[in-house]
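Data first, discussion second: the structure below is written as structure tokens.
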Number of protein chains: 2
Amino acid sequence: MNEQLDTFDLRLLQELQKDGRLTNNELGERIALSPSQCSRRRTRLESEGYIRGYQANLDRQKLGLDMLVVISVTLATHNRDNARRFSQLVNGLPEVLEAYALTGEMDYHLKIATRGLAGLSRFVNDVLLPHESVQHVKTSIVLDTLKTFEGLPVPASGSSHGDSSR
Amino acid sequence: MNEQLDTFDLRLLQELQKDGRLTNNELGERIALSPSQCSRRRTRLESEGYIRGYQANLDRQKLGLDMLVVISVTLATHNRDNARRFSQLVNGLPEVLEAYALTGEMDYHLKIATRGLAGLSRFVNDVLLPHESVQHVKTSIVLDTLKTFEGLPVPASGSSHGDSSR
DNA sequence: AAATGCATGCAAGGTGCTTGCATTCTTCAT
DNA sequence: ATGAAGAATGCAAGCACCTTGCATGCATTT
């Protein structure tokens, strides 16, 4: 990996993380660069993989997904086959927003969104628990969202990391 | 709330969730609608709040954020002031990607990203634990990401929910 | 000091966005 | 049934934006 990010790149990433539909004109105004250079740098950052894509941020509540839930899952047995089966399960379930394998006593954490308690109950009792790979689940309902993902912490523009020779 | 979503709206949201920089032309091809109508519907969905914004999706690893961690936090005392102080704390910490108040024994779940174990250690020992509101934390490192958030489950296009009169 | 390699800004050709307008479709009342 | 009203649609034009070639300037190296 040879590529290095300079201050312009970092600020560009930061701005696009805040608003992914900025035009190169607007971007240029914010980071003090010409639209053409924004276009070039953006293209480079995309092809080098720093930018993985762009997504619209939808309103969960307005789509009727009023329940946000964290589920801790313990697998029945801890062999590789079981882990693979569980991975395939969660990847096929649209309610599952994120799924992580963790250190500690609980094997997995799932973040899921459903419509009401009915949807949650259906998910846990009809989908999750009956699956062969699952032994035990612990359901924690999200009461309040203190902070929601607004992007990764991009290193301060004009700091360490990366060189500033460009 | 008066607005209803028809099939076109739902598919439009779905496509924009997959690629937030789709042009109205491309969008029109995918949902079989003219670019002008895509433009109008998109504008409406934005102003009505179904679309909260657009974000670039950055590569966590390439930014050097190799540690992804879930931290369970118990507050020292369970009064409102303490909850408010804790909320202010996490909102000021860029390493904290998401923060939820949960039902169950553990009060809060934080998802954080840091550079290496050193960054994690610094975060937990120098920032989180010294804070007056925090009593106890349990740190779980993410070993594997089975599924990452790619968007909310938009109800199947051509199903229940919403009317199809438009 | 000369030369090479980049990054930059400008400008032009091409693409895409958006709004007015006429048409079609649906719905509702007579 | 029939007519009217409202809404959604596609088309087209004016406008904004994107991108690439090109010449310039800066920095580093030999």
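Just so you know, these numbers use all the heavy atoms, side chains as well, and skip hydrogens, waters and symmetry mates. Every value quoted in this text rests on a predicted model; they were computed, and no experiment measured them. Labels below follow one simple rule: chain letters A, B, ... track the order of the sequence lines, proteins then strands, and each chain is numbered from 1.
- Of the listed residues (B:K138, B:H109, B:H136), just one forms a side-chain hydrogen bond (donor to acceptor under 3.5 Å, both in side chains) with B:S72, and that residue is B:H109.
- Atom CG of B:L22 and atom C1' of D:dC18 are 16 Å apart (whole Å).
- Rounded to a whole Å, the CZ atom of A:R42 is 14 Å from the P atom of D:dC17.
- Going from atom CG of B:N24 over to atom C1' of C:dG16 covers 8 Å, rounded to whole Å.
- In this structure, a donor-acceptor pair under 3.5 Å is absent between the side chains of A:R85 and A:Q88.
- A continuous path of Ile, Leu, Val, Met, Phe, Trp and Tyr side chains, each step under 4.5 Å between heavy atoms, connects B:Y54 with B:L152, placing both in one hydrophobic cluster.
- For A:E29 and C:dG9, the CD to P distance is 14 Å, given to the nearest whole Å.
- Nucleotide D:dA8 holds its C1' atom 14 Å from the CG atom of B:L45, rounded to whole Å.
- In the interface, the side chain of A:S36 is paired with the base of C:dC10 through a donor and an acceptor atom under 3.5 Å apart.
- Sequence order on DNA chain D of the closest nucleotides to B:S34 and B:R21 puts B:S34 first from the 5' end.
- Between the CG atom of A:L12 and the P atom of C:dA7 there is a distance of 14 Å, rounded to whole Å.
- One can place CD of B:E26 at 13 Å from P of C:dT15, the figure rounded to the nearest angstrom.
- Distance from the side chain of A:F8 is smallest to C:dT8 among D:dA12, D:dC18, C:dT8.
- In this structure, of C:dT8, D:dT9, C:dT18, it is C:dT8 that holds the atom nearest to the side chain of A:R41.
- Side-chain contact check for B:T23 and B:N25: no donor-acceptor pair (N or O, by modelled atom type) lies under 3.5 Å.
- Between the CD atom of B:Q37 and the C1' atom of C:dG20 there is a distance of 13 Å, given to the nearest Å.
- For B:R40 and D:dG10, the shortest distance from a side-chain N or O to OP1 or OP2 is not below 4.0 Å.
- The side chain of B:N25 has C:dC17 as its nearest neighbour among C:dC17, D:dG10, C:dA7.
- Note on A:L68 and A:L120: separate hydrophobic clusters, where clusters join Ile, Leu, Val, Met, Phe, Trp and Tyr whose side-chain heavy atoms are under 4.5 Å apart, directly or indirectly.
- Heavy atoms of B:T23 sit under 4.0 angstrom from primed sugar atoms or phosphate atoms, though from no base atom.
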